[in-house]
Amino acid sequence: MIPDKAPKEDVFHGSGDRKKEAHIPSFDKYKELYLKSIENPDEFWGDIAKDFFWKTKHTGQFLDYNFDVTKGEIFVKCMEGASTNICYNVLDRNVHERKLGDKVAFYWEGNEPGDELTVTYRELLQRVCQFANVLKSQGVKKGDRVSIYMPMVVELVVAMLACVRIGAVHSIVFAGFSSQSLCERILDSQCSLLVTADGFYRGDKLINLKLLADEALQKCRDKGFPVHRCIMLKHLSREAEETPLVSQSPPAKRSCPGLQVPWNPEVDLCWHSLVRGASDECEPEWCESEDPLFILYTSGSTGKPKGVLHTVSGYMLYTATTFKLVFDYQPDDIYWCTADIGWITGHSYITYGPLANGATSVLFEGLPTYPDVSRMWEIVDKYHVTKFYTAPTAIRLLMKYGSEPVQKYKRESLKVLGTVGEPINPEAWQWYYTVVGEKRCPIVDTFWQTETGGHVLTPLPAATPMKPGSATFPFFGVVPAILNESGEELEGPSEGYLVFKQPWPGVMRTVYGNHQRFETIYFKKFPGYYVTGDGCRRDQDGYYWITGRIDDMLNVSGHLLSTAEVESALVEHEAIAEAAVVGRPHPVKGESLYCFVTLTDGMTFNCTLEAQLRKQVREKIGAIATPDYIQDAPGLPKTRSGKIMRRVLRKIACGERDLGDVSTLADSSVVEQLFQNRCCTAV
Ligand code: PRX
């Protein structure tokens, strides 16, 4: 499956000399270890597990599973019998055993240049213990769900690790999501407590987060689910005496015109007051390997987000190992992942993977374009970042401004560049490689999903020759296959459904509260395989190329959205009878949202309605789901059985007249009408 020898033609390597120090220094070494990871997973992962702390050791085989729905319930169990605590492994072990207490865990860089903090491993451990004690004092127990809705501040990491320390399950909701989305997630996972902040700035835009959190809690109350505790961090309104425990001063209190901090004394508690009296020692709760670790919601093709559940031991080992090998982590690295912790990339590769390795990371609150488009490179030079991980959408955005803003800074420290979230187009890859990395840095194009917990297809920087746009080969323990529509495995160069044949430690275990949905989405279509929902091509050299989603999901700026979720937000407007949403290629975002709406009788389509619909979707889901195009569609192309032909709508959205086979279309006249009404410019 993996070629015997790495190809020599049409591939890139990066000219930097990393072979001497690299963990995986050659393709041959990769291949040797890969075979070991597949043929003898117990030994492969068992060796890795030796570096971690186990309160009790596992008994039996390393991974036990069933991936075949026809043979009974789907399950994956890793290291049964073992007990541990991830917080202990990523903090106490580093401070006490590995003597990394004085090492910087995070350089926090605020939205505003000049706002910065430095947090060492020892300080992080103390702050996590204090907050863990706070959670306990508020009645949070092992297994309880805690919702976290916070900006990119150190306290977000503190809150998540404090949950983990006491065995509570965190459910982090990206702070760009609406109050409605937060409410749905709180209800689905039945969270007993919410941790949030007063507000934050995204560039020059103030987000009144507490206001949104309160709206969400009111919605929960209206639905009969009162959340009795809400802990609020004062991020923007912090007083001098509320200085957190860190090496450097926190940003001075600024005046934040427009900041509104509603306060409900029945429910609200102040982070700072609670922490002030809390002890900084807290015995970790020892958890079983398969105890739940966290829930993270991701879009589902039916419109209802899925609560992806990850468990303790497998996720810990997998994120730690992928971080170490994919970024070829070395102890003097300064690593920076620009994702938000509210997404899986931030969970796995800002918090768990880097901390498990004792790494020093940059934690960035701001935007790549604020206050100007050089901000990323300024930060790279400021902290001497060596490993840099971002999304293709950010690369494409910065590419628009040319190389000058990049070249204003030296970037000499950079050694490895990474991308994640969507296929990277070869043009953006070349720009990243040539302009940002000056042909010195290999690019690790990491393919993975919220569900996979960590990288599953990825190059290794010193081992894998790169092809621009290809995520190359499987990570250790991962066995991909490409299936045709009938579920047959295709050999050699081929294209079809990307599936995985066996589990790896970090794969999700269930959809929270709905195991049947988990089985249906990922295992029903092709029994015996985990189905990713992505299309994939394998070339003559065995390289994997992701071709995009093959279900009703869109990837906007590296974030998955379900068309059904946007459609249901649109039809909640009284003027809309029916809606169909498709993706239209976008030069920066990858895909943009093109919405066709059919009005209810007597309604007229105008700018006011368009603005109302955009606002409605933003309020229901969040700003990332704001429609780019909304088109009046008196009729939608349907089959005789009434199914909307999205393939045809995608062509109309792109202005492509070649519609392919439309013999099943019930009424072909609607198509012409839709072409005539096409929107050409996005808002
Ligand atoms: O379609 C694939 C795309 O993002 C999806 C997963 O989205 P999410 O769960 O939000 O996680 C994003 C961060 C891991 C995948 O099913 N995707 C992710 N990385 C890549 C990618 N597509 C192509 N190449 C990638 N490197």
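Counting starts at 1 for both ligands and their atoms, following the listed order. Just the heavy atoms: all of them, side chains too, but no hydrogens, waters or symmetry mates, feed the values below.
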Salt-bridge present (Arg396, Glu422; N to O < 4.0 Å):
yes
Would you check ligand 1 and list the protein residues that come within less than 4.0 Å of it by any heavy atom, ordered by chain and number?
Ile344, Thr345, Val420, Gly421, Glu422, Pro423, Asp445, Thr446, Phe447, Trp448, Gln449, Thr450, Glu451, Asp534, Ile546, Arg549, Asn555, Leu560
Can you tell me if Thr452 and Tyr318 form a side-chain donor-acceptor pair at under 3.5 Å?
no
Glu489 and Tyr529: side chain donor to acceptor below 3.5 Å
yes
Smallest heavy-atom separation, Gly477 atom then Gln502 atom, equals O-NE2, 3.9 Å
Side chains of Ser348 and Tyr315: do they bring a donor and an acceptor to under 3.5 Å?
yes
Pair Glu619, Ser178: side-chain N/O donor-acceptor within cut-off below 3.5 Å:
no
